[in-house]
Amino acid sequence: MDDGTAWNEQRRRAIDGHAAALAAGREAEARQAADLLVSFVRRAAERGLPPHPLSARTFDGRATYRTRARGWYLKSNRSVAVGEHGEYYVLSVPSSLRARFAGADLTPSTPRLIVGAGGGDGETIPLARLLDQRLDAGVSWP
């Protein structure tokens, strides 16, 4: 094996190791965030905060569709929510004629400990703080 081949192999192993560490970190973060969401659902029930039907807005913001999901909005702009079983939803969907009549299908997203991290709009907030704010607001949430 020449020096170039050995260097390429070493580089490939380093990249693979870095990717594995990054994936493990993301999985650990998702587990912690999921625990926070499940705790939120329990505390919301203890405080008598009922889940509500959730709606989703199109990516361009021009239309809002109903969904089959129920839960609690976490931000006043209704862009993220917790489902009634602890799911984390980012409430943005593509425009769809079918969704206009039948409602939009939501897929739970992987939760992160910092809401908005990596989004590019600069609006980030710790998930724990967002959940506490929602609980503290009670039934008078926008």
Side-chain angles (χ1 to χ4, degrees), residues 1 4-142:
M1 185 183 296
T5 305
W7 184 85
N8 283 335
E9 180 62 24
Q10 180 183 8
R11 183 171 178 244
R12 186 192 59 74
R13 282 195 309 261
I15 290 170
D16 289 347
H18 180 71
L22 186 60
R26 285 275 170 101
E27 288 173 17
E29 177 185 15
R31 282 191 304 274
Q32 286 179 309
D35 290 345
L36 290 174
L37 296 172
V38 169
S39 174
F40 169 85
V41 171
R42 181 184 44 76
R43 294 185 309 163
E46 288 170 357
R47 293 185 186 198
L49 299 176
H52 298 283
L54 299 174
S55 60
R57 189 170 293 281
T58 57
F59 295 139
D60 62 11
R62 293 184 183 171
T64 301
Y65 304 136
R66 59 188 161 79
T67 72
R68 291 188 248 347
R70 296 176 52 79
W72 299 266
Y73 294 106
L74 295 181
K75 296 178 83 175
S76 59
N77 67 2
R78 297 179 175 218
S79 60
V80 294
V82 176
E84 62 187 331
H85 302 292
E87 311 89 349
Y88 179 76
Y89 292 112
V90 176
L91 299 170
S92 297
V93 296
S95 297
S96 163
L97 183 60
R98 183 192 149 294
R100 186 172 298 277
F101 296 104
D105 293 324
L106 289 178
T107 302
S109 298
T110 302
R112 301 203 51 197
L113 292 173
I114 304 294
V115 175
D121 63 2
E123 290 187 36
T124 61
I125 185 169
L127 177 61
R129 184 180 332 152
L130 198 57
L131 295 170
D132 287 342
Q133 287 175 352
R134 177 60 188 96
L135 285 172
D136 291 344
V139 294
S140 65
W141 189 253

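The basis for the numbers below is simple: all heavy atoms, side chains too, and nothing from hydrogens, waters or symmetry mates.
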Donor-acceptor contact present, side-chain Arg70 to main-chain Glu84, <3.5 Å: no
Within-4.5 Å side-chain heavy-atom neighbours: Val93 and Asp105: no
Whether over 12 other heavy atoms sit under 6.0 Å from Arg43 CZ: yes
Pairwise distance CZ(Arg12) to CD1(Ile15) - rounded to 0.5 angstrom: 9.5 Å
Name each donor-acceptor pair under 3.5 Å that joins a side chain in residues 57-67 to protein atoms two or more places apart or in another chain, with its distance.
from  : atom 1 : to     : atom 2 : distance (Å)
Arg57 : NH1    : Gly61  : O      : 3.2
Arg57 : NH1    : Thr64  : OG1    : 3.4
Thr58 : OG1    : Asp60  : OD1    : 2.6
Thr58 : OG1    : Gly61  : N      : 3.4
Thr58 : OG1    : Arg62  : N      : 3.2
Thr58 : OG1    : Ala63  : N      : 3.2
Thr58 : OG1    : Ala63  : O      : 3.4
Asp60 : OD1    : Arg62  : N      : 2.9
Tyr65 : OH     : Ser96  : N      : 3.0
Tyr65 : OH     : Ser96  : O      : 3.3
Arg66 : NH2    : Phe101 : O      : 2.6
Thr67 : OG1    : Leu54  : O      : 2.6
Thr67 : OG1    : Ala69  : N      : 3.2

Leu49 backbone acceptor or donor facing Trp72 side chain under 3.5 Å: yes
Closest non-hydrogen atom pair between Leu91 and Ser55, with its separation: CD1-O, 3.6 Å
Over all atoms of both residues, closest heavy-atom pair of Leu127 and Ala33: CD2-CB, 3.8 Å
Trace of the salt bridge (charged side-chain N to carboxylate O under 4.0 Å, His left out) decision for Asp136 with Arg47: CA-CA 10 Å; Asp136 291 344; Arg47 293 185 186 198; 3.6 Å; yes
Minimum side-chain heavy-atom gap Thr110-Glu27 below 4.5 Å: no
Side chains of Leu130 and Phe40 in contact at under 4.5 Å (non-hydrogen atoms): no
Under 3.5 Å: donor-acceptor pair, side chain of Arg100, backbone of Ala104: no
Residues which pass salt bridge (charged side-chain N to carboxylate O under 4.0 Å, His left out) with Glu29, listed by chain and number, not counting sequence neighbours: Arg112
Validation row: Pro126, Ile114 side chains within 4.5 angstrom (heavy atoms): yes
Distance-minimising heavy-atom pair for Ser109 and Val90: OG-CG2, 3.7 Å
Candidate pair Leu36 and Tyr88, rule side chain to side chain contact (heavy atoms under 4.5 Å, CB included), full reasoning: CA-CA 11 Å; Leu36 290 174; Tyr88 179 76; over 6 Å; no
Any side-chain heavy-atom pair of Gln133 and Ile125 under 4.5 Å: yes
Interatomic spacing from CG in Leu74 to CG in Asp132 - rounded to 0.5 Å: 11.0 Å
